Colleague: 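Have a look at the structure that comes next, please.
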Amino acid sequence: METKSIKILFVLLSILSIGCTKTLRPGAYISYVQEEKNGFSKAGQAGNWSYAVQYKTAAFIYLQEKKSGQVSEEEYMKRKGELEEWIFFNVSVQHSTVKSASPLRLSSSDLGQYNILLNYYLGENRNNFKLISENKTFTPEIYLFENNYNLSPQDVFVLGFHTGKDSKPEQFTLSYNDEVLASGIIRFAFNKQDLLNEPVLSF
Amino acid sequence: MNQKIFWVLTFISLTAALISLTLTIGYQKHKKDIGFVDITKLVEAYQMKKDLEKLEESRLHEIKSISDSLGSVYGMAKKNPGANAVHLKTLEANIQSINIQFEAEYNQSNLDINQKVWGRLNQAINEYAGTRDMQLLVGADGKGTVLYGDIAVDHTDELIKFVNSKYQNGN
């Protein structure tokens, strides 16, 4: 009897929590996804290097693409459909205290080494990123190193993992084995509850 | 008169007892913790070490498999009475060279993993001790650093949980 009551209460709470999903306007939605406490954006530290990960939801990507342009629900739904088999991230890294150069530049002793590391970042480094779900590990199918020509103290990687529609994990961990900065493996766990709490974009 | 003295003495005794109690509690509260950690257990249980070793294992396995397959070719060639002696010598030298390379890669890989693991562990241990306001955290490595440690000050399991949780969350 008691177990039954608990079950009913759990179902009611679940329904209530679904009903409580936030609906946010574009500006507020972007802020929500970028705020670390909401679980879509993560930060970490390994030695002197600071890492940050932004999980990019379909709405986040759509709004970033539209910038200040007019947004429409119809257009968004179409874009969402195109992105639903994918999981995207931006991973950025910078030195914790030295802000005068990019990590790539700070790790190079001369131009020759800089070019070797740059080439590594542009290509092979892709294999150091993994998306780990409960029963599968993915390697990014989309990988882009944003070459900032040492004009920014931050190096940014754009990652796209093709998970498929049916096998899209409910929670996952992004893992990066940083071979260039020799920080070891950096992991960022994205939990189910945070992902379920994703706000609905309102127009 | 005697009764007055009795009450004054009682009051003084109670006040002294109260002050002493307050000081003891205050001291206990501010007394910084000390403890020890079984380093071998900590390092072996650290998830990043396991993950790095797994990655290295597949890379080293590739080198080892080349050496192994050359070894079996050499073994077969050696049994062949008509085998060219110069070719056999070259094959032998190649196997030796690959084995030396494997050994060097293996040692380097261990050094790299150790460096990465300790770089990250030191960071997490500092945070662990800092948040608990610890005075001293000794690493027991089974070589006599800690001759005896009460279980009450053994932080090994708690620290393992802490460092692995930090690892899962970007640190």
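Small disclaimer: the values here were computed from a predicted structure and weren't measured. Lettering of chains follows the sequences in order, A, B, ..., and the numbering in each one begins at 1.
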Colleague: Taking atom CG of N169(B) and atom NZ of K42(A), what is their separation to the nearest 0.5 Å?
Modeller: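 Between N169(B) CG and K42(A) NZ, I get 6.0 Å after rounding to 0.5 Å.
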
Colleague: How about Q115(B): does its CD atom have over 12 heavy atoms from other parts shown lying under 6.0 Å from it?
Modeller: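 For Q115(B), atom CD is not crowded (no more than 12 foreign heavy atoms under 6.0 Å).
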
Colleague: Which of residues 122-143 of chain A have a heavy atom under 4.5 Å from any heavy atom of chain B?
Modeller: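 Counting heavy atoms that sit under 4.5 Å from chain B, no residue of residues 122-143 of chain A is involved.
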
Colleague: In terms of heavy-atom pairs under 4.5 Å with chain B, which of A46(A), A189(A), A43(A) leads?
Modeller: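 Option with the top pair count is A46(A).
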
Colleague: Looking at R120(B) and G47(A), would you say the former's side chain and the latter's main chain have a donor-acceptor pair under 3.5 Å?
Modeller: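 No: the side chain of R120(B) does not pair with the backbone of G47(A).
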
Colleague: Given heavy-atom pairs under 4.5 angstrom as the criterion, report whether the side chain, backbone, both or neither of F188(A) touches chain B.
Modeller: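 Both parts, heavy atoms under 4.5 Å.
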
Colleague: Using a 3.5 Å distance criterion without hydrogens, assess whether the side chain of Q45(A) forms a donor-acceptor pair with backbone atoms of Q123(B).
Modeller: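 Not at all, since once roles are kept as given, no pair shorter than 3.5 Å links the two residues.
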
Colleague: Does atom OH of Y106(B) have more than 12 heavy-atom neighbours, drawn from other residues, nucleotides or ligands, at distances under 6.0 Å?
Modeller: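 No - once you tally the heavy atoms of other residues, nucleotides and ligands closer than 6.0 Å, there are 12 at most.
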
Colleague: How about E146(A): does its CD atom have over 12 heavy atoms from other parts shown lying under 6.0 Å from it?
Modeller: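 It does: E146(A) CD has more than 12 such atoms within range.
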
Colleague: Select one option (side chain, backbone, both, neither) describing which atoms of Q168(B) are under 4.5 Å from chain A's heavy atoms.
Modeller: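 Both parts, heavy atoms under 4.5 Å.
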
Colleague: For R105(A), I'd like to know if atom CZ has over 12 heavy atoms of other residues, nucleotides or ligands within 6.0 Å.
Modeller: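 Count not over threshold, so no.
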
Colleague: Within this structure, what is the CZ-CE distance for the pair R187(A) and M48(B), rounded to the nearest 0.5 Å?
Modeller: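 It comes to 10.5 Å.
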
Colleague: Output yes when a side-chain donor or acceptor of N171(B) lies under 3.5 Å from a complementary backbone atom of G44(A), and no otherwise.
Modeller: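 Not confirmed, N171(B) side chain does not pair with G44(A) backbone.
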
Colleague: Is L55(B) close to I185(A) at the side-chain level, that is, under 4.5 Å between some pair of heavy atoms?
Modeller: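 Result yes, sub-4.5 Å side-chain heavy-atom pair found.
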
Colleague: Does K168(A) have more than 12 heavy atoms from other residues, nucleotides or ligands lying within 6.0 Å of its NZ?
Modeller: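 Atom NZ in K168(A) is packed in, count exceeds 12.
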
Colleague: In the structure I gave you, are the side-chain heavy atoms of L52(B) and N177(A) within less than 4.5 Å of one another anywhere?
Modeller: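 Counting from C-beta outward, L52(B) and N177(A) do come under 4.5 Å.
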
